[in-house]
Protein chains: 2
Amino acid sequence: MDLKEKWITLLQESGCRITSPRAAIIDTVIDSQRGLEPLELFDLVRKAHPGIGLVTVYRTLDRLESLGLIQRVHQENGCHMVMKAAIGHEHYLLCTRCGKAVLFDGDDLSRLVSRVESNSGYKVNDHWLQLFGLCPACQPSKG
Amino acid sequence: MDLKEKWITLLQESGCRITSPRAAIIDTVIDSQRGLEPLELFDLVRKAHPGIGLVTVYRTLDRLESLGLIQRVHQENGCHMVMKAAIGHEHYLLCTRCGKAVLFDGDDLSRLVSRVESNSGYKVNDHWLQLFGLCPACQPSKG
DNA sequence: GTAACTGCAAACGCTTTGCACCAAG
DNA sequence: CTTGGTGCAAAGCGTTTGCAGTTAC
């Protein structure tokens, strides 16, 4: 059930070693409630682990991404953020003010997909959906 | 009804001049059935207009994007492609083999959005959806 | 002990900027 | 004629690579 243990097991099974810079990166990504750019992640990790290099961040992100443990979060101007991966039919819903992200289930997209398939003649095999809005804390209070 | 005329009018109304490199770029983007990266677009335009510079491509794309005439197409590894913009509730459906894109209407996403809003407490004000698949020409023929 | 990982510095590639000249309106 | 646009060259910036030393296992 512990996400960190799961990630570490998967990394080790794929021949990766768990070093202390790598553990610090994993902790930071898992603890983050929002998408992070590599440089942003680097700064966060450096607080707990001052000697770390940006290159290590990039290399660790590569491995996490190729294992499907993290995913890119796409933004209007560039798509450099990463975040712990959605599972199954889940998609991100991102707060445009504070960046906080939650996951929601997109199951009923299947109706839309079948309609589009018969209209277009395409065979759809992947989809990609993100919602943007304001999280409860960032909504203007009424009154 | 002619898309090119519409773009040119909008560009002129916003204070832009229609130069011959710019016209060549517009032609190429409008004629393309697929998303194009800046460098790819540059090469295409250069065939018809050999003297053109890559910088002109970038600057023209900036203007087209800020007028909402083109949009970024997001891809797995980076989001550098642009394509003529979707209108209203339309979204892209991209062929993963040949890149050909068609637009489909995503109206009925509103049901999903209301469900997600009540589950999450977020106020959703934007969404972003792309489908990926095989276009009719790229599907393996049966037999 | 071996192979993977690290940090540094340098290289890389896409994108942006500065500039002098050019051309649309 | 005015002002925006052009192409070139150089700068900028995020990302990747080469390498010698280090560390997990």
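In the text below, chain A, chain B and the rest are named by the order of the sequence lines, each starting its count at 1. We use all heavy atoms of the structure for the numbers below, so side chains are in, but hydrogens, waters and symmetry mates are not.
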At their closest point, which heavy atom of B:Phe104 faces which heavy atom of B:Tyr92, and how far apart are they? CE2-O, 3.3 Å
Side chain of A:His80 - closest among D:dT15, D:dG7, C:dC5: D:dT15
Quick one: which protein N/O atoms are closer than 3.5 Å to N/O atoms of nucleotides 16-18 of chain C? Pair and distance per line, please.
none

Separation of atom CG in B:Leu61 from atom P in C:dC14, rounded to whole Å: 15 Å
May I ask you to list the residues of residues 10-37 of chain A, by number, that have any heavy atom positioned under 4.0 Å from an atom of DNA chain D? A:Gln12, A:Arg17, A:Ile18
Does A:Thr28 use its side chain to pair, donor to acceptor, with the backbone of A:Ala24 at less than 3.5 Å? yes
Distance check needed: D:dG4 P versus B:Arg63 CZ, whole Å only. 10 Å
If we only count heavy atoms from C-beta on, is the A:Tyr122 to A:Val116 side-chain gap below 4.5 Å? no
Protein-nucleotide distance (A:Glu40, atom CD; D:dC13, atom P), rounded to Å: 18 Å
Can you confirm whether the thiol sulfurs of A:Cys98 and A:Cys138 sit closer than 2.5 Å? no
Can you measure B:Leu64 atom CG to D:dG5 atom C1' for me and round it to whole angstrom units? 14 Å
Salt-bridged, B:Arg46 to B:Asp43, with N to O below 4.0 Å? yes
Take atom CG of B:Leu41 and atom C1' of C:dC14, then tell me their distance rounded to the nearest Å. 14 Å
Side chain to side chain, A:Leu3 and A:Lys84, heavy atoms closer than 4.5 Å: yes
To the nearest angstrom, the CZ-C1' distance between A:Arg72 and D:dT15 comes to 11 Å
Take atom CG of A:Leu39 and atom C1' of D:dG14, then tell me their distance rounded to the nearest Å. 8 Å
Write down the atom of B:Ile52, the atom of B:Phe42, and the distance for their closest heavy-atom approach. O-CE1, 3.4 Å
Please identify each residue that fulfils salt bridge (Lys or Arg N to Asp or Glu O under 4.0 Å) with A:Arg22, with sequence neighbours left out. none
Expressed in angstrom and rounded to an integer, what is the separation of A:Met81 atom CE from D:dT15 atom P? 12 Å
Can you tell whether the side chains of B:Glu65 and B:Arg72 come within less than 4.0 Å, N to carboxylate O? yes
